[in-house]
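We number each residue from 1, following the sequence as shown. Order of appearance sets the numbers: ligands from 1, and atoms from 1 within every ligand.
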Amino acid sequence: MPEPLSPGELLALDRAHVWHPYGPMPGRTDPLVVQSASGVRLRLAEPVHGRSELIDGMSSWWSAIHGYNHPVLNEAARGQLERMSHVMFGGLTHEPAVRLAARLVEITPEPLEHVFLCDSGSVSVEVAVKMCLQHWRSLRRPAKRRLLTWRGGYHGDTWQPMSVCDPDGGMHGLWSGVLPEQIFADAPPAEYDPGYADALRALIARHAEELAAVIVEPVVQGAGGMRFCSPAYLRVLREACDAHDVLLVFDEIATGFGRTGELFAAEHAGVSPDVLCLGKALTGGYLTMAATLCTPRVAEGISRGEVPVLAHGPTFMGNPLASAVACASIDLLLAQDWRQEVKRIEAALRDELAAARDIPGVRDVRVLGAIGVVQLDHEVDMAAATRAAVGEGVWLRPFRDLVYTMPPYVTGDEDVARIAAGVGAAAAAG
Ligand SMILES: *Cc1c(COP(=O)(O)O)cnc(C)c1O
């Protein structure tokens, strides 16, 4: 083992060489150095604002639903490591990937039946878009190549996903002339609005000839603004897509695996998409992996084409280690009363965040499933908000005008209360 780096050395190297998400180079603010993590706690390499341990209010961006260092997931990883951590997926197959695919088909809405396992959420959206475009090309309707979405969304950072992110938050101005130009409806209102539903229908009808697919995050828009909207819009989209020969893609990379109170957010509306993207919590936050599922109709369309194959195949496709942990994470989730745990956290966040409404500068407080959001009437001061949360012993990562939490489902009541106190402190300071 090499000599461990001191926190000072580590930060100096980090600043000089390492990009962080949405960060400048060299870095301008010091990240916190995490030494280990267990349960819902992150242990820091040295105390910060008097805290050497932080309660994690972020589940590492929606992913660590069972908390860190979980014995069952550790065992799954260790067991698989002893057999093989990776083999190529071209011409070879293995039990972890096959089991995972079958399991995903079993737990997701019918008629999703075919599974493409890939590296990350953004890639799963690329694959979803490729599936839809190739489907229409195969059916000799190449004009159907654009996407429609509503504003306020987030679908990832590679090119096709970026093109359907919110045009303002997604910095489309920076990329004009480079990004494919997609069709945008207004952001969906929180409550069902028949006028908005009509506008959605009309937009889909008007562009039907050039539309390959509609892509949305069902019920919760995550990194595009942490907005919730009526599940009834999903039925409107399903009907309009069916009426006009347009495919429907649900991006459940953030909402999947119970976060909104249903196993998949589409279930709030009883609606099934033609293509479904999963990621984030898929491996319980252990390893990078995502999945794109589609229906037999989509697959058949592709197979009837001049090029009758789905032309995509990442090097680490179906990675056995990630697949084995994903299977263990899904089993662990379904073996417990996860619905009750999410409800418990939802009720606690509703109670504990209610007081945040009275903080000056707070515009809105909203809770759905294990997601709590405090929206400010101004851009959050990241440094001040982070410092305030850390002072309460809580890890949060606010953005834009939002201070929010989506804790691991294993977070106990006292820790949820502390997270809520952290959110309040961050909102007051930021
Ligand atoms: C995070 C996210 C993505 C992108 O996933 P990555 O693994 O970060 O590439 C796509 N869509 C949604 C809804 C997400 O929340």
Side-chain donor or acceptor of [X] paired with backbone N/O of [Y] under 3.5 Å:
{"X": "Ser329", "Y": "Thr283", "answer": "no"}
{"X": "Ser272", "Y": "Glu110", "answer": "yes"}
{"X": "Lys144", "Y": "Ala208", "answer": "yes"}

Inset, instruction - Heavy-atom cut-off of under 4.0 Å around ligand 1: list whichever protein residues fall inside it, by chain and number. - result: Ser120, Gly121, Ser122, Tyr154, His155, Gly156, Glu217, Asp251, Ile253, Ala254, Lys280
Legend entry - More than 12 heavy atoms from other groups under 6.0 Å of CZ on Arg397: no
Inset, instruction - May I ask you to decide if the ring planes of Tyr233 and Tyr196 are parallel, tilted or perpendicular, using 30° and 60° as cut-offs? - result: perpendicular
Inset, instruction - Please lay out, stage by stage, how Gln35 and Arg43 fare under the test side-chain hydrogen bond (donor to acceptor under 3.5 Å, both in side chains). - result: CA-CA 6 Å; Gln35 196 156 57; Arg43 172 157 277 279; 5.9 Å; no
